[in-house]
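I have placed the structure first, in the form of C-alpha cells, so that the comments after it can refer back to it.
Just so we're clear, the structure is a prediction, and the values are computed from it rather than from any experiment. Counting starts at 1 for both ligands and their atoms, following the listed order.
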Amino acid sequence: MTVLVAPKVLSDHRVRDFKMLIDGKWEAGTSHSIERVAPSHGVLVSRYPAGTKADAERAIAAARKAFDNGAWPRMTASERANVLLKAADLIAARAEELAYLDAIEAGKPISQVRGEIAGSVDIWRYAASLARNLHGESYNTLGDGTLGVVLREAIGVVSIITPWNFPFLIVGQKLPFALAAGCTTVVKPSELTSGSTLVLGEILQEAGVPNGVVNIVTGTGAEVGAIMTSHPHVDMVSFTGSTGVGKLTMTNAAQTLKKVSLELGGKNPQIVFPDADLDAFIDAAVFGAYFNAGECCNAGSRLILHKDIASDVVRRVAELAKHVKVGDPLDPTTQVGAIITPQHLEKIGGYLAGARDSGARIAHGGETLDFGMGQFMAPTILEAVTPGMAVAREEVFGPVLSVLTFETTAEAIEIANSIDYGLSAGVWSRDFDTCLTIGRKVRAGTVWMNTFMDGTPELPFGGYKQSGLGRELGRHAVEDYTETKTLNMHVGGRTNWWMPQK
Ligand code: NAD
C-alpha cells in the first residue's frame, strides 16, 4: 500500500519555448528542438534548441574572448560579489517560476524544489562572500634577497555540465564560484531539464554579468558536451553526472590536460547499531532512500543493519514507507514525484528482477504506480541482499532500498567500503567511539552521524574513489577555479651562475 496523489490534468498548460544564450544573445538554434515531456503528466512542457557542435564552439569562443579581453576577470572582487548578490536576489524573486520548471520537467515535488531554490539563493550569497576573500600568500622569510608572492588567478574558460536530478541546485554549486574567481563559462544543462538553467541566464544578464561570461548551450552530451570537454580553448571542466560519462569527460579533457572536477554517482550506506535512536533513524532511512524518488547521488540506498535489529528495522521502515505520499509533483503535500523517463523506470525494474533472481526479497513496494499518465514507482525495500548483488553495488537511481546485515563493526566497515563508490555514508549509534570509528574508516567524502543528507554551503562535498574528483562548496570552492602563480622577486645584487674562467 502506498499513499497516492493522482496528478491533475494540467488545465492552463502552455508549452514553454526556450532559446539558448551565446555571447549575450538569445538564439533559437539552427537544428531541431528538444522536446521535454513532463514525467509526471505525460504532456509536452518545454522545447529547447538542440545545440550543435558549431554552437558550442561559438560559445567557447565567446567565453575565451570575454576572459582574455573582457571586463569580468579584471574588475574588483567587490564588483563581482555585488553582481552575485544581485543574482541571488533575482533568483529569490523568481523562485516560484524556477520551482515550477524543475518540478514539471524533472518530476520533483514542488515543496522540495522550493527548498532547493531557497538553498541555491544561500549558495549564491555564500559564493559572493568568498569572492572577496580570495587571496594568495606572501613569503617575506626567504632572506634579504628574495620576496615571494603566490597569486591566485582565475583559471580561464570553464565548461560546466550538469545532470537532470537537481537542475537548478547543481548549476548553483559550480557557476557562482567560477564567476567569483573571475572565470568565464559555457554551461550545458541536461537535455531533459534545461528550463531553469535558461531562466538563470536571464537572471544573470539582469544582474549585470557581461556578454560572453556565461553562455548556455542546450543539447545532448554527445553533440555539445563532447566538444565542451575536449576543446583546446577550455581550461577546466566541472562535471556532475554519472560515473561512466565522468570517465569519458576525464579522457576527453586529458588530451589537452584540462583540470577536471567530477561529482559522480554514489551507493551510500547507512550503518545502524543496536544502541541507535531508532525512532530518528527510521525517518532518516525513509528520507534517505525516497527523497527525490531515490534519483539522488546522495541517496542512502544501502542499509547496513546490525543483525540483532535488522528485522525490527525493516518492519518499521516498511510501515513508515506506506505513509509516504507518491504522485503529482505539483501537489504541495507530495513527497515522492515521478521517475525521470520511461526508459529509466524500466532500468529500475530490471534491477529489481535481477535482485529477486539472486535471492533478495521485496519487503515492501516493488510495483510501478499507474495514474494513467507519467511514470511512478512505489517506495521499495529489498531484504536478504548480499554484498555481491548488483543492487548492493550499483546505483539503481530509483526509490529502492537494499538491506544488508552485519555482526561486527569491522564487518560493517568492510561492507561499506567493498564497492567502487565513496560519496557519502551515515552512522547511527549513541556511542561516540562507534561513530568516530565509522566516520574515520569509511571511505566517503561525507559521513553523517545520527543524521542524514544535511548540507550547508560551508561544508565541502564530493566523493572518494569512483564517486568523483575534487570537492564543491566549502571555503576552498572558489580556489578550485584558480591557477596558482609564483612571483619570485629578487632584491639587490644577484650572484652570477657563469663566472669568468681564470
Ligand atoms: P549523465 O552522466 O547521463 O549526464 C550528465 C550530463 O552529462 C548531462 O548534461 C549530459 O547531457 C552530459 N553528457 C552525456 N554524455 C556526455 C559526453 N559524452 N560528454 C560530455 N557530456 C555528456 O547523468 P544524468 O543521468 O544526467 O544524472 C544522473 C547521474 O548524476 C547519477 O549517476 C548521479 O549519481 C550523478 N549525480 C552526482 C552528483 C554529485 O554531486 N556527486 C549530483 C547529482 C547527480
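Taking all heavy atoms of Gln173, Glu191, Glu223 into account, the minimum distance to atom 11 (O) of ligand 1 is reached by Glu191. Around atom 43 (C) of ligand 1, the closest heavy atom drawn from Ile170, Val224, Ile161 belongs to Ile170. The closest non-hydrogen atom to atom 31 (C) of ligand 1, taken over Glu472, Glu395, Lys247, comes from Glu395. Of the options Leu264, Asn268, Thr162, the smallest heavy-atom separation from atom 37 (C) of ligand 1 is shown by Leu264.
With 3.5 Å as the limit, one finds no donor-acceptor pair spanning the side chains of Gln335 and Tyr290. Thr334 and Lys325 share no side-chain donor-acceptor pair at under 3.5 Å. Side-chain N/O atoms of Thr229 and Asn252 include a donor and acceptor closer than 3.5 Å. A donor-acceptor contact under 3.5 angstrom links the side chains of Asp454 and Thr451, judged on distance only.
For ligand 1, the polar-atom distance check finds no N/O of Thr229 at less than 3.5 Å from any of the ligand's N/O atoms. The shortest N or O to N or O distance between Thr243 and ligand 1 is not under 3.5 Å. In terms of polar-atom proximity, Thr220 is not counted as a contact of ligand 1, lacking any N or O under 3.5 Å from an N or O of the ligand. Where the criterion is an N or O separation shorter than 3.5 Å, residue side chain and backbone included, Asn165 fails it with respect to ligand 1. Looking at ligand 1, you won't find any N or O of Leu423 less than 3.5 Å from one of its N or O atoms. For ligand 1, the polar-atom distance check finds no N/O of Ser467 at less than 3.5 Å from any of the ligand's N/O atoms. In terms of polar-atom proximity, Phe166 is not counted as a contact of ligand 1, lacking any N or O under 3.5 Å from an N or O of the ligand.
Residue contact check for ligand 1: Ser190 places a non-hydrogen atom closer than 4.0 Å to it. Not a single heavy atom of Gly463 sits less than 4.0 Å from an atom of ligand 1.
Only one option out of Leu175, Thr218, Val171 pairs with Thr197 in a side-chain contact (heavy atoms from CB on, under 4.5 Å); it is Val171. Each of Arg16, Glu105, Arg36 was compared with Ser46 under the side-chain hydrogen bond (donor to acceptor under 3.5 Å, both in side chains) criterion, and only Glu105 meets it. Of the candidates Ile381, Ile339, Val324, Ile339 is the only one forming a side-chain contact (heavy atoms from CB on, under 4.5 Å) with Pro399.
Annotation for ligand 1: atoms under 4.0 Å from non-hydrogen atoms of Ala226 are 19 (N), 20 (C).
The shortest contact between atom 26 (O) of ligand 1 and any protein heavy atom is with Trp164 CD1, 3.0 Å. Nearest protein heavy-atom contact of atom 18 (N) of ligand 1 is Leu248 CD2, 3.3 Å. In this structure, the protein non-hydrogen atom closest to atom 14 (C) of ligand 1 is Gly221 CA, 3.6 Å. For atom 2 (O) of ligand 1, the nearest non-hydrogen atom of the protein is Ser242 OG, 2.6 Å. For atom 27 (O) of ligand 1, the nearest protein heavy atom (residue, atom name, distance) is Pro163 CB, 3.2 Å. Closest to atom 35 (C) of ligand 1 among all protein heavy atoms lies Gly241 O, 3.1 Å. The nearest protein atom to atom 21 (N) of ligand 1, hydrogens excluded, is given as Gly225 CA, 3.7 Å; this is a heavy-atom distance. What sits closest to atom 38 (C) of ligand 1 on the protein, heavy atoms only, is Cys297 SG, 3.1 Å.
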### Message
If you apply the rule side chain to side chain contact (heavy atoms under 4.5 Å, CB included), what do you find for Thr380 with Leu401, and how did you get there?
### Response
CA-CA 6 Å; Thr380 297; Leu401 184 56; over 6 Å; no
### Query
Step by step, would you call Lys174 with Glu472 a salt bridge (Lys or Arg N to Asp or Glu O under 4.0 Å)?
CA-CA 7 Å; Lys174 302 172 181 295; Glu472 291 189 334; 2.6 Å; yes
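Distances from atom 4 (O) of ligand 1 to the protein include no heavy-atom value under 4.0 Å.
More than 12 heavy-atom neighbours from other residues, nucleotides or ligands sit within 6.0 angstrom of NZ on Lys465. Taking a 6.0 Å sphere around CD of Glu414, one finds it holds 12 or fewer heavy atoms contributed by other residues, nucleotides or ligands. In the displayed structure, Met449 atom CE is contacted under 6.0 Å by more than 12 heavy atoms of other residues, nucleotides or ligands.
Ionic pairing of Lys108 and Asp102 is not present here: no N-O contact between side-chain nitrogen and carboxylate oxygen is shorter than 4.0 angstrom.
If you look at Glu295 next to ligand 1, there are no close heavy atoms at all, none under 4.0 Å.
Under the 30°/60° scheme for interplanar angles, the aromatic rings of Phe166 and Phe291 are found to lie parallel.
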